[in-house]
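Everything below concerns the one structure shown next.
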Amino acid sequence: MNAMAQAADLDELRERKRFDPGAVEPLLMRRWLESGLFHPQPEGDASENYSIAIPPPNITGALHMGHALNGAIQDTLIRFHRMGGRRTRWIFGTDHASIATQRQVEKELVSLGTSREELGREAFLERTWSWRERYGATIVEQYKRLGASCDYADERFTMDGAYADAVARVFVELYDRGYIHRDHYMVNWDPGSRSAISDLEVEEREATDTLYRIAYPLADGAGEVVVATVRPETMLADSAVAVNPDDERYRQLVGREAILPLVGRRLPVIADDYVKADFGSGALKVTPGHDPNDFEIGRRHSLPQHSVIGEDGRMTAEAGEAFAGLTVLEARAAVVAALERDGLLRGSEPYTHSVPYSHRSGERIEPLISLQWFMRMDELAKPAVDAVRDGRVQFHPQRWSAVYLDWMEKIRPWCVSRQLWWGHRLPVYYCDACEETYVARERPARCGACDGPLRQDEDVLDTWFSSALWPFATLGWPERTAALRAFYPTDVVVTAREIIFLWVARMIMMGLEFVGEVPFADVYVHAVIQAADGRRMSKSLGTGIDPLVEIERSGADAVRFGMLAMSSTQDVRYSVEKIEQGERLANKLFNAARFVILGIGERGGVAAARPTAVEDRWILSRLSRFEHELAERIAAYDFPRVALALYDFVYGELCDWYIELVKGRLGDADLDATLRHVLRETLMLAHPVMPFVTEELWRYVREDGEGLLAGVTRARSELALDEEAEASVSRVIVATQAIRNWREQVAVKPGVSLAARIEAVGYEGDDGALLGRIARLQLGGDGEAVAQIAIPGGTLAILDGVDLGAHAQRQQRERARLVAEIERLRAKLSNDAFVNNAPAPVVERERAKLARLEAELADLG
RNA sequence: GGGCGGUUAGCUCAGCUGGUCAGAGCGCCUGCCUUACAAGCAGGAGGUCGCUGGUUCGAGCCCAGCACCGCCCACCA
């Protein structure tokens, strides 16, 4: 930049009195993208590089607060480590989100008066791909608005060709290793999605149903046995009646038979430990086809399985003419009516219990027996448990590891097939002629046994099956690519707790099984942001807040800062105030920089080896502390304090004190150099949190040859403290605050310069002059003191210009405060128990405090 | 039914291994257009740290019990 251009630049800056994020953000993002900084070459190995695989956002969505928080955290980490000199990659991409996307597209079809069935599979998929084209790009643009420095140039999608190959390969290998098999088994059937779903996609809700008592006559005519149920309609599929083997009441029934009302089937009475004698009537109707527990009982006793409820949630032909075609609820009423008619209802009562609902469609789950593909998890879980136990993977906060371990230790088989169209179709082929099954990455041409044609399984995989491969499938696995070597394992996965099981656990298992290494060293589980009123943020509740709206209003830096500041290890309510705090901070930084840049103009290029002014030494010491605190907080994933530390340094040290202390010294070569240095450092340190404002300011202070701030690397320096300067300036600050407070209370305007004399130790030389400047005192008079103000090390004597009445009142209040405090300390120190038991330094500290207060009291007279 | 979090100023939240830990931001009150920022600056008021016991010389901080609030897991019809 030549001198003329720079002068024009400065003139322009002079007029920009507020930071205007909207005016600079798109431009800066474009520069970053063009620079290629976000797209590192895959060199070296993962131990020296830094990488994070983003939790891939669904192509269905728009950015919400969860993404904003999640993204702000990751980008802070990524930018911090990039500037720390590591080769850094934030692996980016989107998720096809099988069931969620399919539902969205289906909804759209319904609104157009058609349906997926009408369209047919092929046309439906075509439509969904074009949906992906349309909406997949939206979320990418939104991440850019946040300033996220993802590797957009190497974007992945979980249904890209290479990724799909990896998915198929994993499926086939797991099948070959005996982990995956096909079976008729009880599944959670979601009538809304017309698909099986996994246990993790089921949520329990409380419901009040009616518990009916129904009499089943005994086959030999000798009485009846009464069973209790909330689902009378399922009795049509009953296979047995079960009682507890130790239940004296029913012992003589075991081995006999009951007649199933309405159907007439003979049901054996069996004994099983599962049955609780003290619940209901103590006799349980066993329905292996429609209840998970009964299914297990049925397997134990080899009972037949009847199905009376279909996949559409209606009664099937097997339910009998009277009920076939009815919905479950209609059938329930009809069954109860029929029982009543037959005089077999023995009672009913309201009963509150938890009932499974689909997390996907919101409909009540219908447990059914279905032919599905299952994955056995127990063996895969073992090494993944070990990895957390021995610390190769660490959860932050740590308490989540217990949650993870608990789940992993009683992990159950995973139903991986879904009766959907959008997703990874199972690489399974059947020969209808000879019933041969082929599981292979490539479709075999013909049946190897009978040369018949093959038919591919209609089902697709659970969307989380492909997500589980994310950290390595994105890097080119199964090829041993340079990218895989350079960035796997990643350093951390940043996520909300709701997907610890769905995603995190499965990534650990798959990473260990297929790459032989854990996919990340750390799992940072962040807060869930709730609406301001404590409800969950959701579009349907109308409690959602759109991060883009917040970015429009306050700027991306503000939103990022707010997210970090709000974040916590517990859930938090959304507070605009934190965003606004971030907005003020960005503006403050902008203006402080303006002051410095315009103040030093084109001077200030030459830095003195070591400044001598005490306030210059002070700010360098504080800067060093800040740098180290920031690094510690980031290493500890303590983001609220990353934000707070930044705020405190910029506001509390740099602006409130340092800049105020040096006003009037501009032009001093040492000062100009120090200001410039401190500003440069501050921009570098703040950049990971507030990339835009810092990048915008950087161009005014960068050296020749330095590029974008985002690409600046900066070695960590040793902690360099100047205790002496800190003590000095701290005295000046405390004294200034005491004086300002006194002015306020005795109504002496802040602008009025006061004649005063320092009667205290520690203000020799520069420090006294500094105090005089900042507190607006005319020092040096030798008149009679008309008032005294307690300051560190003694008192300040005020020589004139004071309302004596107001001052006396203030002194009175001050004296009372001191007396009370001294009283308390004396009592404490005359307590032998305290003096003898407390550690010496503590006692010493209390003694010193007492002495100080006594001196202050004495000085006040 | 089990487990995990939470309960600190009017509001949203910090308070690490018990001893300047009673804090921040917002809001409120007062005063200032002081050579960056009035969407700013300076100063101030506000809390018996959910309740009850206990441990300790000393407890928001540790222990026990209780009361609410939230979340997760769970196959009692």
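Chain A is the first sequence line, chain B the second, and so forth, proteins listed ahead of strands; every chain is numbered from 1.
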Contact class for A:Y212 (heavy atom, under 4.0 Å): base, sugar-phosphate, or nothing? nothing
Considering only atom C1', compute the distance from B:U8 to B:G50 and round it to an integer number of Å. 10 Å
Heavy-atom donor-acceptor pair, A:K588 side-chain to B:C37 base, under 3.5 Å: yes
Under 4.0 Å between a side-chain N/O of A:S575 and OP1 or OP2 of B:C11, yes or no? no
For A:H353 and B:A77, is the shortest distance between a side-chain N/O and OP1 or OP2 below 4.0 Å? yes
As its Watson-Crick or G-U partner within any shown strand, both distances under 3.5 Å, B:U34 has none
Base, sugar-phosphate or nothing for A:D656? Non-hydrogen atoms, less than 4.0 Å. sugar-phosphate
Sugar-phosphate only, base, or nothing, as touched by A:K17 at under 4.0 Å among non-hydrogen atoms: sugar-phosphate
Atom P, compared across B:G40 and B:U48: separation rounded to whole Å: 31 Å
When only distance counts, do a donor and an acceptor, one from the side chain of A:E660 and one from the base of B:A36, lie under 3.5 Å apart? yes
Categorize A:E577 for me: base, sugar-phosphate, or nothing, with a 4.0 angstrom heavy-atom threshold over every strand shown. sugar-phosphate
Rounded to the nearest Å, what distance is computed from the CG atom of residue A:L564 to the P atom of nucleotide B:G25? 18 Å
Take atom CZ of A:R740 and atom P of B:U34, then tell me their distance rounded to the nearest Å. 15 Å
Could you grab the distance from atom CG of A:D668 to atom CD1 of A:I600, nearest 0.5 Å is fine? 12.0 Å
Tell which nucleotide pairs with B:G25, taking only Watson-Crick or G-U wobble pairs whose two distances are both under 3.5 angstrom. B:C11
Here's a test of your reading of the structure: between A:V835 and A:E204, which maps to the more 5' nucleotide of RNA chain B? A:V835
Worked check of side-chain hydrogen bond (donor to acceptor under 3.5 Å, both in side chains) between A:Y651 and A:D656: CA-CA 6 Å; A:Y651 257 85; A:D656 289 351; over 6 Å; no
Measuring only the C1' atom in each nucleotide, how far is B:U17 from B:G10? A whole number of Å is fine. 34 Å
Using a cut-off of strictly less than 4.0 Å, decide whether A:K578 has a side-chain nitrogen or oxygen near OP1 or OP2 of B:C13. no
Distance-only donor-acceptor test, A:K276 side-chain atoms vs B:A77 base atoms, 3.5 Å: no
Counting only side-chain N and O atoms of A:R641, is one of them less than 4.0 Å from OP1 or OP2 of B:G15? yes
When you compare B:A38 with B:U52, how far apart are their P atoms, in angstrom units rounded to a whole number? 50 Å
Output the single nucleotide from B:C73, B:A77, B:G43 whose closest atom is nearest the side chain of A:L200. B:C73
Distance, rounded to the nearest Å, where A:L598 contributes CG and B:A36 contributes C1': 8 Å
Distance check, P atoms only: B:U55 and B:C63, in whole angstrom units. 15 Å
Parallel, tilted or perpendicular: rings of A:F626 and A:F649 (30°, 60°): parallel
Can you check whether A:K849 has a side-chain N or O nearer than 4.0 Å to OP1 or OP2 of B:U20? no
Between B:G31, B:U20, B:A39, which nucleotide gets closest to the side-chain atoms of A:K749? B:G31
Quick one: is the NZ or CZ of A:K588 closer than 6.0 Å to the six-membered ring centre of A:F590, and within 45° of its axis? no
Opposite nucleotide pairing with B:C66, Watson-Crick or G-U, both atom distances under 3.5 Å: B:G50
To the nearest angstrom, how far is A:D638 atom CG from B:G15 atom C1'? 12 Å
Chi class for B:G23: syn within 90° of 0, otherwise anti: anti
Syn/anti state of B:G44 by chi, 90° boundary around 0: anti
By nearest-nucleotide position on RNA chain B, the 5'-leaning member of A:S281 and A:W657 is A:W657
Whole-Å gap separating C1' (B:C32) and CG (A:N741): 16 Å
How about A:Y216 and A:D238: does a side-chain donor come under 3.5 Å of a side-chain acceptor? yes
Does A:P839 reach a base, just sugar-phosphate, or nothing at all? Heavy atoms under 4.0 Å. base
Flag the pair A:P367 / A:W189 as yes when at least one side-chain heavy-atom distance between them is below 4.5 Å, and no otherwise. no
Nearest-nucleotide pick for A:F501, side chain only, options being B:C72, B:C32, B:A77: B:C72
Using the side-chain heavy atoms of A:N831, tell me which of these nucleotides is nearest: B:C57, B:A36, B:A77. B:C57
Between A:H359 and A:E201, a side-chain donor and acceptor under 3.5 Å: no
Which base, if any, makes a Watson-Crick or G-U wobble pair with B:U20, both distances under 3.5 Å? none
Please classify the nucleic acid contact of A:V275 as base, sugar-phosphate, or nothing, using heavy-atom distances under 4.0 Å. base
Calculate the interatomic distance between A:L644 atom CG and B:U12 atom C1'; express it in whole Å. 14 Å
Distance check needed: B:C13 P versus A:Y574 OH, whole Å only. 14 Å
Taking the P atom in each of B:G47 and B:A9, what is the distance between them to the nearest angstrom? 10 Å
A:D571 has an atom CG; how far is it from atom C1' of B:C4, in whole Å? 12 Å
Straight-line distance of A:T682 OG1 to A:L646 CG, nearest 0.5 Å: 9.0 Å
Measuring from atom OG of A:S239 to atom CG of A:D294, what distance do you get when rounded to the nearest 0.5 angstrom? 9.0 Å
Please report the distance separating the P of B:A36 from the corresponding atom of B:A45, rounded so that it comes out in whole Å. 29 Å
Hey, are A:R16 and A:E696 close enough for a salt bridge, meaning a charged N less than 4.0 Å from a carboxylate O? yes
Across all strands shown, which nucleotide pairs with B:C71 by Watson-Crick or G-U wobble geometry, both distances under 3.5 Å? B:G3
B:U12 to B:G70 separation - P atoms, rounded to the nearest Å: 14 Å
For B:C26 and A:R584 - does any side-chain N or O of the residue sit under 4.0 Å from the phosphate oxygens OP1/OP2? yes
Looking across every strand, which nucleic acid part, if any, lies under 4.0 Å from A:T287 by heavy atom: base, sugar-phosphate, or nothing? nothing
Could you check which of B:G31, B:C37, B:C75 has an atom nearest any side-chain atom of A:N293? B:C75
Which of B:G25, B:G19, B:C13 is nearest the side chain of A:S568? It is B:C13
Tell me what A:R231 touches on the nucleic acid: a base, only sugar-phosphate, or nothing, going by heavy atoms under 4.0 Å. nothing
Side-chain atoms of A:R412 come closest, of B:A74, B:A77, B:G43, to B:A74
Nearest to the side chain of A:R776, which nucleotide is it out of B:C26, B:U34, B:C37? B:U34
Going by purine N1 to pyrimidine N3 plus the second Watson-Crick contact, or the G-U wobble pair, all under 3.5 Å, which nucleotide sits opposite B:A59? none
Closest of B:A77, B:C57, B:C13 to the A:F279 side chain is B:A77
